[in-house]
Protein chains: 2
Amino acid sequence: MERIAEGEYAVMEVLWEESPLTAAEVAERVPPGRGWSLATVKTMLSRLLAKGALAHEQEGRRYLYRPAFAREDYVAEESGRLIDRMFGGRLTPLVAQLAARDRLTQADIEEIEALLKELKS
Amino acid sequence: MERIAEGEYAVMEVLWEESPLTAAEVAERVPPGRGWSLATVKTMLSRLLAKGALAHEQEGRRYLYRPAFAREDYVAEESGRLIDRMFGGRLTPLVAQLAARDRLTQADIEEIEALLKELKS
DNA sequence: CCTTATTGATTACAGCTGTAATCACTCAGC
DNA sequence: GCTGAGTGATTACAGCTGTAATCAATAAGG
């Protein structure tokens, strides 16, 4: 699975949300904050195709694009990469880190505890 | 805090481990797997200086380099960025994700539980 | 039929990144 | 004093990224 650039990722998100879509449809759904032209979206789609992150099927004169892998798979790989790089592959320091930065609310803590409890059984 | 590229990050790690260091000393300590020449390390140091990620003090004819911010700060920002992008800012889905991928051992789970317990008090 | 809008493909171009080589300077040793 | 080794600065260059514009083909509408 090749690396996906930040901008390309925005396009993947659109297609993970809904697919297959035409280039124009993707352009409509990209977050407006990006301020992308249709041309830019088309560039992204081409690059993602070249990287093997998207597949396309012809539909008349145009293509329908769809992701070549599931969001969960990509997200898992990317998270693993970060945790390896920054926390020696261990999740506990990440949790500790976030806790220390007050990025964990009381509700978060309880939610994770519940999840872990389930995992143990 | 400006973005740090993957290769630059390797240099930061060296200096977070031990600093201040000269360029030659950094080069010695960079993971050999990189196969970097001294010249490459010097380029990285210059770029990190330009980005404000390093500070340097003159020592005779050369510089001593040191990080301009703590590893924890950088790591916290970078983790936050990923969690925002991929998990809507919430940690629980990340934990769930990793668990589903068998990236969590029984020991991890207990460790995190202990940590959370402490946080609650 | 002719024009216009659409669509993928090709090209553009600056900035960042990886990976150096070269240059100019200077200090240390002979 | 001269030479060689070490040092930061400058330059190099290809590949990736963000952000398009342009082009050629074609389908659709009048």
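What's counted below: heavy atoms across the whole structure, side chains too, no hydrogens, waters or symmetry copies.
Proximity of residues 37-64 of chain A to DNA chain D (heavy atom under 4.0 angstrom from any strand atom) is restricted to A:S37, A:A39, A:T40, A:T43, A:M44, A:R47, A:K51, A:R61.
In this entry the distance linking CZ of B:R3 with P of D:dC16 reads 19 Å, nearest Å. Taking atom CZ on B:R34 and atom P on C:dT17, their separation rounds to 13 Å, with Å as the unit. Here D:dT19 presents its P atom at 12 Å from CD of A:E8, a figure rounded to the nearest Å. A straight line from CD1 of B:I4 to P of C:dT17 spans 10 Å, rounded to a whole angstrom.
Under a 3.5 Å cut-off, the side chain of B:E78 and the backbone N or O of B:V75 do not form any donor-acceptor pair.
In this structure, B:D108 CG and A:L119 CG are separated by 11.0 Å, a value rounded to the nearest 0.5 Å.
Look at A:E17 and A:R71 and you find no salt bridge, because none of the NZ, NE, NH1 or NH2 atoms lies under 4.0 Å from a carboxylate O. A salt bridge does not link A:K117 to A:E113: none of the charged side-chain nitrogens sits closer than 4.0 Å to a carboxylate oxygen.
By the side-chain contact (heavy atoms from CB on, under 4.5 Å) test, A:P67 is found to be paired with A:M12, A:L15, A:W16, A:S19, residues two or more places apart in sequence or in another chain being considered.
Here B:W36 does not reach the OP1 or OP2 of C:dA20: none of its side-chain N or O atoms lies under 4.0 Å away.
Ring planes of A:Y9 and A:Y74: tilted class, angle from 30 to 60°.
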